[in-house]
Amino acid sequence: MRHRIAVIGGGPAGLTFARVLHRHDHPVTVLERDPAPDARPPGGTLDLHEGLGQLALGKAGLLAEFQALSRPEGQAMRILDTDGTVLRDWQSHPGDQANPEIDRGQLRDLLLGPLDVQWGRGVTEVVPGTRDGVLVRFADGRQETFDLVIGADGAWSRVRPAISSATPHYTGVTLVETSLDDVDTRHPDLARLIGDGSVAVYGVNRALVAQRNSGGHVKVYAQFRAPLDRHMGLNRRAGMDTGLDLADVEAVRSSLLALFDGWAAPVLDLLRHGTAFVHRPLYVLPVSHTWAHVPGVTLLGDAAHLMPPLGAGANLAMLEGAELAESVAAAPGPGDLDEAVRAFEEQMWARAGRWAKITAAGLERLVNPDPTAALALFDEVQPS
């Protein structure tokens, strides 16, 4: 029996689910609100862990292709003091496949493969328990019904309200992201500073992190603690003028340079040479987010357990997608399908809850009044 299944969202969770289900010759409808794969920048780089994201790719039959694309050298990590002194310098080792990096865009294209994604299908509402199944309403006024709807549509999920009243809350930390292009040619000193992977500098309640992507592209993240209503331009959309227009690149740059005043000149060059700036306040769901099981609807990834971006979220999302797809493929009838989803949720909640606690504690230590707390955290997790 073939179940009518829709996955809402074309990120790592939804695409991994669909790709594994496709491998089991089970049809699945992927609905993505973006009008095309390249409609917006895909984001930075991800480190995929052997027992999480890489395990999911193995279930999808894509591990060898991932290894050909990934960058094991991207596991290198350097930590500097605010005066530029090198405090730690962890180098990658040849053949180390524990946490190799891959650009989000490359991962997306790898997962897309033969999948038939319906682009430009924004969802407005999901209604479980109708006579014909789970009703999905779209922004264009159309609607369809399915036996199972999987919300893999991120932090501000349109599927989540069908089964949970939880909403993301602000962590107290925001990121401002900028980029450097062709860094090895245009900024060779910064290329040497960053190395093959990442460089991070931790100060009092603030940090600067730069991370290599492929092709000489570098993402730079300024991180700091501040009340939400004091963030640069954040409430302009609500009619509250905070005095700084995020579209004014030089004004944002000057504000950030003032925030990190006194830090070493080479470190501040990461901001001086950045291009456009993107404002990203960090939100999370409650650490132990669960819900009363609702037949026909479930969640994956950030829609289920939004947590600080410390390397776990995408990995968990992909493994969840792969595991749920295998369970669904093995469920012959409607009752079996519901029991498979119920069992999956119990497993997901337990694992995600552990990681949510770890990442919440990690964020507290990384953006902390005492910068040595960040250094101590890296000493704990980096190989000796």
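Worth knowing before you read on, the calculation uses all heavy atoms, side chains too, and leaves out hydrogens, waters and symmetry mates.
R351 has a carboxylate O that lies under 4.0 Å from a charged side-chain N of E323, or vice versa, which qualifies the two as a salt bridge. Salt bridge annotation for R212-D184: present, with a cationic side-chain nitrogen under 4.0 angstrom from a carboxylate oxygen. One finds no salt bridge joining E125 and R158 here, because no Lys/Arg side-chain nitrogen approaches an Asp/Glu carboxylate oxygen to under 4.0 Å. Using a cut-off of 4.0 Å between Lys/Arg side-chain N and Asp/Glu carboxylate O, R23 and E326 are scored as not salt-bridged. Salt bridge status for R40 with D34: present, with a side-chain N to carboxylate O gap under 4.0 Å. With respect to the salt-bridge test (charged N to carboxylate O, under 4.0 angstrom), the residues R88 and D379 qualify.
Side chains of H293 and D338: a donor on one and an acceptor on the other come within 3.5 Å. Side-chain contact of Q91 with D89: a donor-acceptor pair under 3.5 Å is present, judged by distance alone. Looking only at atom types and distance, the side chain of S92 has no donor-acceptor partner in the side chain of E73 under 3.5 Å away. Side-chain atoms of Q97 and H49 include no donor-acceptor pair closer than 3.5 Å. Inspection of the D370 and T372 side chains reveals an N or O donor paired with an N or O acceptor under 3.5 Å. In this model, a donor atom of one side chain and an acceptor atom of the other lie less than 3.5 Å apart for E345 and T298.
Put simply, the side chain of T82 never gets that close to the backbone of G203: no donor and acceptor are under 3.5 Å apart. A side-chain donor-acceptor contact under 3.5 Å links R160 to the backbone of A155. Remark: the backbone N or O of A331 is paired with a side-chain donor or acceptor of H3 at under 3.5 angstrom. Panel note: side chain D103, backbone T45; no donor-acceptor pair is recorded below 3.5 Å. When atom types are taken as modelled, the side chain of R280 and the backbone of V176 share no donor-acceptor pair closer than 3.5 angstrom. Put simply, the side chain of T171 gets close to the backbone of L282: a donor and an acceptor are under 3.5 Å apart. The main-chain N or O of R272 is found under 3.5 Å from a side-chain atom of R253 such that the two form a donor-acceptor pair. One N or O on the side chain of R108 and one on the backbone of P37 form a donor-acceptor pair closer than 3.5 Å. A distance-only check finds no donor-acceptor pair linking the side chain of D261 to the backbone of L257 [under 3.5 Å]. Judged by distance alone, the side chain of D248 and the main-chain N or O of A251 form a donor-acceptor pair under 3.5 Å.
Atom CG in L107 sits 9.0 Å away from atom CG in D109 (nearest 0.5 Å). The CE atom of M307 sits 5.5 Å away from atom CG of L316, with the distance rounded to the nearest 0.5 Å. Here the CD-CD distance, from E320 to Q347, works out to 9.0 Å after rounding to the nearest 0.5 Å. Atom CG of L46 is separated from atom CD of Q211 by 8.5 Å, given to the nearest 0.5 angstrom. Between the CG atom of L62 and the NZ atom of K59 there is a distance of 13.5 Å, given to the nearest 0.5 Å. Rounding to the nearest 0.5 Å gives a distance of 10.5 Å between CG of N368 and CG of L377.
Nearest heavy-atom pair across V287 and A356 is O-CB, 3.5 Å. Here the closest heavy-atom approach between residue T185 and residue P188 is recorded as O-CD, 3.7 Å. When all heavy atoms of G311 and N315 are compared, the pair lying nearest together is O-ND2, 2.9 Å. When all heavy atoms of G51 and L319 are compared, the closest pair comes out as O-CD2, 3.9 Å. What you find for A303 and D153 is that their closest heavy atoms are CB-OD1, 4.0 Å. Across all their heavy atoms, L228 and P281 have their closest contact at CD1-CB, 4.1 Å.
For the ring pair (Phe, Tyr, Trp, His ring centres under 6.0 Å) with W349, the qualifying choice from F344, W291, W355 is W291, the only one to do so. Under the side-chain contact (heavy atoms from CB on, under 4.5 Å) test applied with P308, the options T359, V367, L366 reduce to a single match, T359.
Side-chain contact between F224 and N205 is absent, with no heavy-atom pair separated by less than 4.5 Å. With contacts defined as side-chain heavy-atom distances shorter than 4.5 Å, the pair M77/Q382 qualifies. Side-chain contact between P100 and R71 is absent, with no heavy atoms from C-beta onward closer than 4.5 Å. Looking at I5 and L21, their side chains come closer than 4.5 Å, going by heavy atoms from C-beta outward. Contact of the L31 side chain with the F138 side chain is registered, since non-hydrogen atoms from C-beta on lie closer than 4.5 Å. At a threshold of 4.5 Å between non-hydrogen side-chain atoms, the residues S198 and R78 do not count as touching. Q143 is not listed as a side-chain neighbour of V136, based on a closest heavy-atom distance of 4.5 Å or more. In this structure the side chain of R365 reaches within 4.5 angstrom of the side chain of E380, judged on heavy atoms.
Taking the centre and axis of the six-membered ring of F146, the NZ or CZ atom of R4 falls outside the cone set by 45° and 6.0 Å.
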TODO: Go through the steps for F277 and V249 under the test side chain to side chain contact (heavy atoms under 4.5 Å, CB included), then give the verdict.
DONE: CA-CA 7 Å; F277 293 90; V249 172; 3.7 Å; yes

TODO: List the steps and the verdict of side chain to side chain contact (heavy atoms under 4.5 Å, CB included) for V201 and I79.
DONE: CA-CA 6 Å; V201 189; I79 299 180; over 6 Å; no

Open item on the list: side chain to side chain contact (heavy atoms under 4.5 Å, CB included), that's the test. Do L80 and L87 meet it? Break it down for me.
Closed with: CA-CA 5 Å; L80 309 181; L87 300 176; 5.9 Å; no

Open item on the list: For I194 and L270: C-alpha separation, side-chain torsions, deciding distance, then whether side chain to side chain contact (heavy atoms under 4.5 Å, CB included) applies.
Closed with: CA-CA 10 Å; I194 297 163; L270 294 168; 4.1 Å; yes

- [ ] Take E32 and R121 through the salt bridge (charged side-chain N to carboxylate O under 4.0 Å, His left out) test and state the conclusion after the steps.
- [x] CA-CA 5 Å; E32 167 56 48; R121 300 297 306 278; over 6 Å; no

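For CG of D116, the number of neighbouring non-hydrogen atoms (other residues, nucleotides, ligands) closer than 6.0 Å is 12 at most.
If you look at H289 and H305, their ring centroids are not closer than 6.0 Å.
A chain of hydrophobic side-chain contacts below 4.5 Å, direct or via other Ile, Leu, Val, Met, Phe, Trp or Tyr residues, connects V28 to W119. Linking Ile, Leu, Val, Met, Phe, Trp and Tyr whenever their side-chain heavy atoms come within less than 4.5 Å puts L259 and V267 in one cluster. Under the 4.5 Å side-chain heavy-atom criterion for ILVMFWY residues, no single connected hydrophobic cluster contains both V218 and I102. L111 and L55 are members of different hydrophobic clusters when ILVMFWY side chains are connected at heavy-atom separations under 4.5 Å. In the hydrophobic cluster analysis, where Ile, Leu, Val, Met, Phe, Trp and Tyr join through side-chain heavy atoms closer than 4.5 angstrom, V30 is grouped apart from V20.
Classification of the W156-Y283 ring pair by plane angle, with boundaries at 30° and 60°, yields perpendicular.
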